[in-house]
Amino acid sequence: MASWSPDTPCSCDCFASVPPASALPAVIFAKNSDRPRDEVQEVVFVPAATHVPGSRLQCTYIEVEQVSKTHAVILSRPSWLWGAEMGANEHGVCIGNEAVWTKEPVGEGEALLGMDLLRLALERGSSAREALHVITVLLERYGQGGSCREDPMPFCYHNTFLLADRTEAWVLETAGRLWAAQRIQEGVRNISNQLSIGTDISAEHPELRPHARAQGWWDGQGTFDFAQVFSLSQQPVRMEAAKARFRAGRELLQQQQGGITAEVMMGILRDKESGICMDSGGFRTTASMVSVLPRDPSQPCVHFLTATPDPSRSVFKPFIFGVGAAQAPQVLSPTFGAQDPVRTLPRFQTQVDRRHSLYRGHQVALGLMESEQAQGQQLRQKQRDLEQEGLEVVRGLLTRECAPPAQELGSLFQAFVEKESQAYA
């Protein structure tokens with residue numbers, strides 16, 4: 001099974017700002033999901049639920065045991081799989097994942113995808129720390145593996161995660177079933193397709209150091225630097241590029257420390273010069289997300305999602321868990337049941353059209369922006385105006401200056417999706 005090749009695209013970027021780095025008393029989370037160019041991401045709302053004891057849950061490739069209760073979640077996910085690239089739950093937990101390759105070999109068997117682990121953690125964890133525990137327990141029991149793209153040629157990797165809630169953030173980095181985690185209680189942090197936890201380890205797998213010593217990667221005497229010990233001695237070209245993106249992302253965060261807002265995070269996600277806003281080699285940023293997680297539990301968490309590619313020409317639309325929260329049909333991809341190429345064996349031998357209606361409208365708009373200068377500028381201005389409208393609504397909500405009625409909060413995302421769809425009509 002192929003795990004990596006020099007031409008294999010592999011890039012994502014996650015960011016977190018924890019007070020006092022944020023301009024307001026809130027943790028701010030952001031991610032660009034960089035995936036195969038034509039892959040469609042849908043935004044899926046899953047309400048909280050109770051489940052029959054002993055029931056099983058079908059993930060992308062394997063089944064796991066279900067828990068008695070699951071939290072409501074909002075997910076941005078490649079529409080062919082069960083898990084998600086990024087998302088949030090009703091308790092204000094946000095998670096994004098990244099591909100990573102280490103000295104630990106990538107398994108050839110199908111197991112849980114990193115994206116499956118992300119969704120499972122959101123459905124089961126009521127804090128970032130709880131969600132981290134969910135991932136590590138499931139990783140130990142089921143392992144991680146299986147192709148991470150909709151293609152006959154398998155593409156497999158291990159995962160790193162950035163988890164955040166109203167009070168703190170965590171970085172979790174894995175190598176097979178092994179892992180290390182770092183707690184971030186203030187300041188800024190980002191991850192970009194490489195191991196980044198060095199000696200500042202807050203928690204770890206009990207066999208992490210014994211395994212490294214047994215493999216001859218660490219002498220057991222000197223300082224234990226997780227990234228140094230487990231990173232490949234010869235980095236692939238794409239992972240070298242990830243280092244540059246990681247440094248650029250860190251610098252962009254540090255430049256804004258003390259003044260980081262949702263708008264600042266959106267600007268970082270739109271930065272093309274650094275490669276954070278990706279569009280190269282058959283790969284691009286296919287969806288983006290920014291979340292504001294206020295320290296004050298009486299204030300709602302707000303999650304801005306694009307549901308469309310290229311954040312520099314997309315609209316971040318606000319979602320809030322609350323009365324009236326429901327699935328927006330315009331950002332839900334069609335389903336194909338048992339005939340889906342991910343369900344029939346051998347997998348991915350055919351292709352299906354997974355574009356949802358907002359994606360289709362956005363494709364037309366992108367084409368006009370590139371070919372019709374006047375009309376393209378008008379469309380881009382409509383996008384900016386709509387996004388600004390959403391930001392103003394959220395600003396009024398968080399400052400309590402002009403909050404919409406509580407019964408309207410849950411339907412905000414749906415309303416903005418409809419407005420964007422109308423702009424493209």
Side-chain angles (χ1 to χ4, degrees), residues 3-6 8-16 18 31 34 95-107 114 117 128-129 132 135-136 139-140 143-145 156-164 168-254 274-276:
S3 59
W4 176 86
S5 73
T8 298
C10 47
S11 59
C12 281
D13 297 278
C14 292
F15 305 88
V18 181
K31 179 182 176 181
D34 302 335
I95 312 177
N97 81 309
E98 310 260 342
V100 69
W101 291 265
T102 72
K103 290 176 183 175
E104 279 295 294
V106 175
L117 289 165
R129 196 168 199 162
L132 186 150
I135 292 174
T136 57
L139 187 63
E140 180 71 24
Q144 56 184 323
C156 307
Y157 50 74
H158 291 159
N159 291 265
T160 65
F161 303 87
L162 182 59
L163 309 92
E168 62 185 9
W170 285 79
V171 173
L172 170 63
E173 300 185 336
T174 73
R177 282 180 162 84
L178 303 174
W179 55 272
Q182 182 185 52
R183 188 183 188 187
I184 298 95
Q185 294 179 283
E186 63 177 24
V188 294
R189 188 66 158 87
N190 63 308
I191 58 174
S192 299
N193 301 112
Q194 59 183 304
L195 297 181
S196 61
I197 297 175
T199 59
D200 185 8
I201 301 173
S202 306
E204 64 189 73
H205 190 288
E207 295 300 315
L208 184 70
R209 299 184 197 216
H211 180 77
R213 190 171 183 179
Q215 295 296 316
W217 301 337
W218 178 56
D219 63 10
Q221 302 299 317
T223 301
F224 183 80
D225 184 309
F226 174 67
Q228 188 176 78
V229 170
F230 276 84
S231 292
L232 292 165
S233 53
Q234 283 192 309
Q235 297 282 357
V237 174
R238 285 279 184 174
M239 290 187 74
E240 289 295 334
K243 288 182 181 179
R245 284 197 342 274
F246 174 75
R247 289 192 297 268
R250 182 177 58 193
E251 290 171 5
L252 288 167
L253 285 173
Q254 290 174 344
S274 63
I276 291 170

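Counting only heavy atoms from C-beta outward, the side chains of V100 and Y157 never approach each other to under 4.5 Å. Proximity of R209 to E204: side-chain heavy atoms (C-beta onward) are separated by under 4.5 Å at one or more points. Residues N97 and T160 are not in side-chain contact: their nearest non-hydrogen atoms beyond the backbone lie 4.5 Å or more apart. Using a 4.5 Å cut-off on side-chain heavy atoms (C-beta onward), I184 and W170 make no contact. In this structure the side chain of H158 reaches within 4.5 angstrom of the side chain of V106, judged on heavy atoms. Using a 4.5 Å cut-off on side-chain heavy atoms (C-beta onward), L117 and N159 make no contact. Counting heavy atoms from C-beta on, the side chains of K103 and Q215 never come closer than 4.5 Å. The closest side-chain heavy-atom distance from C14 to E98 is below 4.5 Å.
Relative orientation of the H211 and W217 rings is perpendicular, given thresholds of 30° and 60° on the angle between their planes.
Salt bridge D13/K31: absent, no basic N to carboxylate O contact under 4.0 Å. Note on R129 versus E168: no salt bridge recorded, every NZ/NE/NH1/NH2 to OD/OE distance being 4.0 Å or above.
No more than 12 heavy atoms of other residues, nucleotides or ligands shown are found within 6.0 angstrom of CD on E186. Around the CD atom of Q254, the shell of radius 6.0 Å holds more than 12 heavy atoms that belong to other residues, nucleotides or ligands.
Under 3.5 Å, the side chains of Q144 and T174 contain a donor-acceptor pair of N or O atoms. At a cut-off of 3.5 Å, with distance as the only test, a side-chain donor of N193 or R245 sits close to an acceptor on the other residue.
The structure places CZ of R247 at 10.5 Å from OG of S192, a figure rounded to the nearest 0.5 Å. To the nearest 0.5 Å, atoms CD1 (I191) and SG (C12) are separated by 9.0 Å. Taken from CD in Q228 to OG1 in T223, the straight-line distance is 9.0 Å, to the nearest 0.5 Å. A distance of 9.5 Å separates CZ in R250 from OG in S196, rounded to the nearest 0.5 Å.
A donor-acceptor pair under 3.5 Å is absent between the side-chain atoms of D200 and the main chain of Q182, judged by distance alone. Between the side chain of W101 and the backbone N or O of P105 there is no donor-acceptor pair closer than 3.5 Å.
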Step by step, would you call T199 with F224 a side-chain contact (heavy atoms from CB on, under 4.5 Å)?
CA-CA 6 Å; T199 59; F224 183 80; over 6 Å; no
Let me see the working for F226 and L195 under side-chain contact (heavy atoms from CB on, under 4.5 Å), right down to the final yes or no.
CA-CA 8 Å; F226 174 67; L195 297 181; 3.8 Å; yes
Could you walk me through whether W179 and L208 pass the side-chain contact (heavy atoms from CB on, under 4.5 Å) test, one step at a time?
CA-CA 7 Å; W179 55 272; L208 184 70; over 6 Å; no
Given side-chain contact (heavy atoms from CB on, under 4.5 Å), test I95 with L162 step by step and report yes or no.
CA-CA 6 Å; I95 312 177; L162 182 59; over 6 Å; no
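Shortest non-hydrogen contact noted between I197 and R189 is CG1-NH2, 3.9 Å. Closest non-hydrogen pair, G114 versus F161, comes out as O-CE2, 3.5 Å. In plain terms, the two heavy atoms of A16 and L253 that are nearest each other are O-CD1, 4.5 Å. When all heavy atoms are compared, the tightest approach of V229 to A212 is CG1-CB, 3.7 Å.
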